[in-house]
Q: 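One structure is given below, represented as structure tokens, and several questions about it will come after.
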Amino acid sequence: MPGVEGEIKQEELDALREARRRIALAQVRQYPDAALRLRANRVTEFDASLADLAERMSSLMREANGVGLAATQIGVLRRVFVYQSGEEEPVVALVNPVVVESSEERETAEEGCLSLGAASVVVDVERALAVVVEASSPEGAPLRIEAEGLEARVIQHELDHLDGVLIIDRASPEQRRSALAQLRPQPVLARGNA
Ligand code: ZN
């Protein structure tokens with residue numbers, strides 16, 4: 001599936017890497033886990049446990065072959081997410097992120113999600129092409145990020161997670177229907193290698 005954006009990188013993985021991806025994915029809450037529908041709380045304490053959380057989320061995201069991961073996806077209701085918008089780009093951790101500007105220009109593109117990862121659901125999602133986000137680093141330093149394209153898309157996807165919103169909520173009724181059919185519990189043996 002070339003060209004899929006959103007939260008999941010698309011690339012061929014060797015058997016060992018694929019095994020590690022599956023182990024990581026097993027630590028990410030999967031739809032319909034209730035935590036995915038909860039709104040995360042503002043972070044008020046910038047302590048060592050927050051830095052640990054961001055660190056743990058960064059490595060989980062990379063192991064799961066993701067480009068973003070929100071705390072709600074591991075059952076932690078704190079407004080924190082991590083993302084990496086390109087192989088050469090650093091992993092960024094944002095705490096208490098708020099969109100302060102959003103472009104009027106919008107773009108529709110395919111998105112996947114690590115929490116819909118076991119079923120490999122992909123839907124078209126319309127997002128602002130560019131956003132400006134204000135947040136804090138895990139150490140409490142103020143951050144202002146001007147993002148566009150994939151970076152802006154990932155940021156909006158992760159922000160949705162902190163508000164309990166999933167890509168199937170933003171899909172067309174037809175795509176939502178087929179995604180929900182795909183997400184119906186399947187016997188493990190029927191899942192294949194996808
Ligand atoms: Zn997601």
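Bear in mind that the values here come from a model prediction, so they are computed numbers and not experimental data. Residue numbers run from 1 in the order of the sequence given.
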Q: For the pair R144 and E101, find out whether any cationic side-chain nitrogen is under 4.0 Å from an anionic carboxylate oxygen.
A: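 Yes, R144 and E101 are salt-bridged.
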Q: Please indicate whether Q175 has more than 12 foreign heavy atoms, meaning atoms of other residues, nucleotides or ligands, lying under 6.0 Å from its CD.
A: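 Result for CD/Q175: enclosed.
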Q: Given the rule that I, L, V, M, F, W and Y join up when any side-chain heavy atoms are under 4.5 Å apart, are V76 and M57 in one cluster?
A: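 Cluster IDs for V76 and M57 match.
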Q: Exactly one of L69, D33, L36, T72 should register a side-chain contact (heavy atoms from CB on, under 4.5 Å) with S115. Which one does?
A: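 With S115 as partner, L69, D33, L36, T72 yield a single side-chain contact (heavy atoms from CB on, under 4.5 Å), made by L36.
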Q: Do side-chain atoms of E158 reach the backbone of R153 as a donor and acceptor pair under 3.5 angstrom?
A: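 Not at all, since once roles are kept as given, no pair shorter than 3.5 Å links the two residues.
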Q: Do E148 and S103 make a side-chain contact, defined as non-hydrogen atoms from C-beta onward lying under 4.5 Å apart?
A: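 No. Closest side-chain heavy atoms not under 4.5 Å.
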Q: With side-chain contact (heavy atoms from CB on, under 4.5 Å) as the criterion, how do H157 and I167 come out once you've worked through the C-alpha distance, each side chain's angles and the decisive distance to 0.1 Å?
A: CA-CA 8 Å; H157 179 119; I167 52 174; 3.5 Å; yes
Q: Check the pair L159 / V131 against side-chain contact (heavy atoms from CB on, under 4.5 Å), numbers first and verdict last.
A: CA-CA 12 Å; L159 264 166; V131 290; over 6 Å; no
Q: In the structure I gave you, are the side-chain heavy atoms of R37 and D169 within less than 4.5 Å of one another anywhere?
A: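 Heavy-atom side-chain distance check passes, below 4.5 Å.
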Q: Strictly by modelled atom types, are Q156 and E111 linked by a side-chain donor-acceptor pair under 3.5 Å?
A: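 No - no donor-acceptor pair under 3.5 Å links their side chains.
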Q: Would E89 and Y83 satisfy side chain to side chain donor-acceptor pair (under 3.5 Å), going step by step from the backbone distance to the final call?
A: CA-CA 10 Å; E89 303 295 326; Y83 73 93; over 6 Å; no
Q: For residues F46 and P138, determine if any side-chain heavy atom of one lies less than 4.5 Å from a side-chain heavy atom of the other.
A: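 Of all side-chain heavy-atom pairs linking P138 with F46, none is under 4.5 Å.
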Q: Does some side-chain heavy atom of S85 sit less than 4.5 Å from a side-chain heavy atom of V154?
A: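 Sidechains of S85 and V154: no contact.
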Q: Do the non-hydrogen side-chain atoms of I145 and L94 ever get within less than 4.5 Å of each other?
A: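 The answer is yes; the side chains approach within 4.5 Å.
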Q: Before accepting this row, confirm whether a basic side-chain N of the pair D14/R21 lies closer than 4.0 Å to the acidic partner's carboxylate O.
A: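 R21 and D14: not salt-bridged.
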Q: Can you get from V91 to V43 by hopping between Ile, Leu, Val, Met, Phe, Trp and Tyr side chains that sit under 4.5 Å apart?
A: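 Yes; V43 is reachable from V91 via cluster members.
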Q: With side chains defined as the heavy atoms from C-beta onward, is the minimum distance between V98 and V133 less than 4.5 Å?
A: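 With C-beta onward as the side chain, the pair stays apart.
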Q: Which other residues belong to the hydrophobic cluster containing L38, where Ile, Leu, Val, Met, Phe, Trp and Tyr are joined when side-chain heavy atoms lie under 4.5 Å apart, directly or via other members?
A: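 Noted: L38 shares its cluster with L77.
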Q: Apply side chain to side chain donor-acceptor pair (under 3.5 Å) to residues E7 and Q73 and explain how you reach the verdict.
A: CA-CA 12 Å; E7 203 173 47; Q73 290 180 278; 3.2 Å; yes
Q: So do V92 and Q84 actually touch side chain to side chain, heavy atoms under 4.5 Å?
A: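 Heavy-atom side-chain distance check fails, nothing below 4.5 Å.
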Q: Judged by atom type as modelled, is there a donor-acceptor pair below 3.5 Å linking the side chain of S136 to the main-chain atoms of P142?
A: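 Here the side-chain-to-backbone pair does not exist.
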Q: Using the side-chain contact (heavy atoms from CB on, under 4.5 Å) definition, which of the options D124, V123, T108, V165 pairs with R170?
A: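 Of the listed residues D124, V123, T108, V165, the side-chain contact (heavy atoms from CB on, under 4.5 Å) partner of R170 is V165.
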Q: Within the side chain of Q30, is there an N or O that forms a donor-acceptor pair under 3.5 Å with the backbone of V28?
A: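 Yes, the answer is positive, given that a donor and an acceptor are paired below the 3.5 Å cut-off.
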Q: Are L162 and V132 linked, directly or through intermediate hydrophobic residues, by side-chain heavy-atom contacts shorter than 4.5 Å (ILVMFWY only)?
A: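 No, it is not one cluster - the side chains of V132 and L162 are not joined through contacts under 4.5 Å.
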Q: Dump the intermediate steps for side-chain contact (heavy atoms from CB on, under 4.5 Å) on D160 and R127, then the final yes or no.
A: CA-CA 11 Å; D160 270 355; R127 306 271 190 200; 2.8 Å; yes
Q: Taking side chain as C-beta onward, heavy atoms only, is I168 less than 4.5 Å from L180?
A: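 Yes, side chains in contact.
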Q: Which residue pairs pass the salt bridge (charged side-chain N to carboxylate O under 4.0 Å, His left out) test when at least one of the two sits in residues 50-65, sequence neighbours left out?
A: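 For residues 50-65, and leaving out neighbouring residues, the salt bridge (charged side-chain N to carboxylate O under 4.0 Å, His left out) pairs sorted by first residue read R20-E63.
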